[in-house]
Amino acid sequence: ATSQHEHDEL
Amino acid sequence: MNIFRLAGDMVHLLSFVVLVLKINATKSCRGISLKTQELYTLVFVCRYLDLFSNFISMYNTTMKIVFLGTSFAILYLMRGHKVIKVTYDREQDTFRYLFLVLPCALLALLIHNAWTPFEVVWTFSIYLEAVAILPQLVLLQRTQNIDNLTGNYVFLLGLYRGLYILNWIYRYFTEPHYIQWIVWISGIVQTILYLDFFYYYIKSWKNNVKLALPS
């Protein structure tokens with residue numbers, strides 16, 4: 001998975 | 001997680017503390033836009049739909065629950081608390097939700113990274129957050145005698161997104177393939193909306209006079 005779809009920010 | 005992201009989150013958290021403090025200490029929500037608060041609650045609900053299905057870290061999960069809980073608590077204070085709700089500036093807080101919600105929903109349907117319900121709703125939350133402050137800014141402009149805590153609250157909200165921009169710059173240079181156009185452009189728009197407010201906030205702080213926005 002790319003970081004684009006991880007949504008690791010609030 | 002880098003220092004800008006952490007500082008941004010802490011400032012965001014602090015903005016909630018300041019708002020709850022203002023409402024509770026003065027038993028008044030004068031100058032606070034219920035519309036902006038409802039839009040932020042909608043933003044968090046839409047963004048954190050994956051709260052239980054997508055675990056990133058204990059930190060993320062805790063913060064999401066705190067943001068959701070605080071948003072609903074503020075809505076309760078402003079709409080349900082019998083002393084506080086009568087202090088709400090209903091006649092002044094006239095911004096129409098649909099002018100913000102509808103364009104953001106359409107934009108999310110058109111521009112997103114993936115055509116899945118989660119992703120489109122998440123993208124909608126990003127667009128809506130960028131403009132959700134507008135009812136509050138309009139109300140501030142109409143409010144005479146803006147109290148310090150209300151001014152500080154809006155300042156912290158703007159500062160939070162500004163710190164996130166620094167976080168994205170940092171991540172761009174330190175993480176391979178870290179590109180997030182939707183979030184970046186929305187975040188920049190969101191921060192730009194505060195520039196006018198920042199100008200008057202800093203000016204009033206430097207001259208040690210009460211904050212007032214020209215109408």
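Only heavy atoms go into these numbers, but all of them, side chains included; no hydrogens, no water, no symmetry mates. So you know, we letter chains A, B, ... as the sequences are listed, proteins then strands, and number each from 1. These numbers come from a predicted model, not from an experiment.
Contact check on A:Asp8 versus B:Arg171 returns a salt bridge, with a Lys/Arg side-chain nitrogen under 4.0 Å from an Asp/Glu carboxylate oxygen.
The aromatic rings of B:Phe198 and B:Phe155 sit perpendicular, their planes meeting at an angle over 60°, well past the 30° parallel limit. Ring geometry for B:Trp181 versus B:Trp184: interplanar angle over 60°, hence perpendicular rather than tilted (30 to 60°). Relative orientation of the B:Tyr164 and B:Trp168 rings is perpendicular, given thresholds of 30° and 60° on the angle between their planes.
Residues B:Thr150 and B:Asp147 bring a donor and an acceptor atom of their side chains to less than 3.5 Å of each other.
Residues of residues 64-71 of chain B having a heavy atom under 4.5 Å from any heavy atom of chain A, listed by number: B:Lys64, B:Phe67.
Listed by chain and number, the residues in a side chain to side chain contact (heavy atoms under 4.5 Å, CB included) with B:Thr191 are B:Arg161, B:Ile165 (sequence neighbours excluded).
Looking at B:Arg30, its side chain never comes within 3.5 Å of a backbone N or O of B:Asp89 through a donor-acceptor pair.
Only the side chain of B:Tyr48 comes within less than 4.5 Å of a heavy atom in chain A; its backbone stays farther off. Of the two parts of B:Asp9, only the side chain, counted from C-beta on, holds a non-hydrogen atom closer than 4.5 Å to a non-hydrogen atom of chain A.
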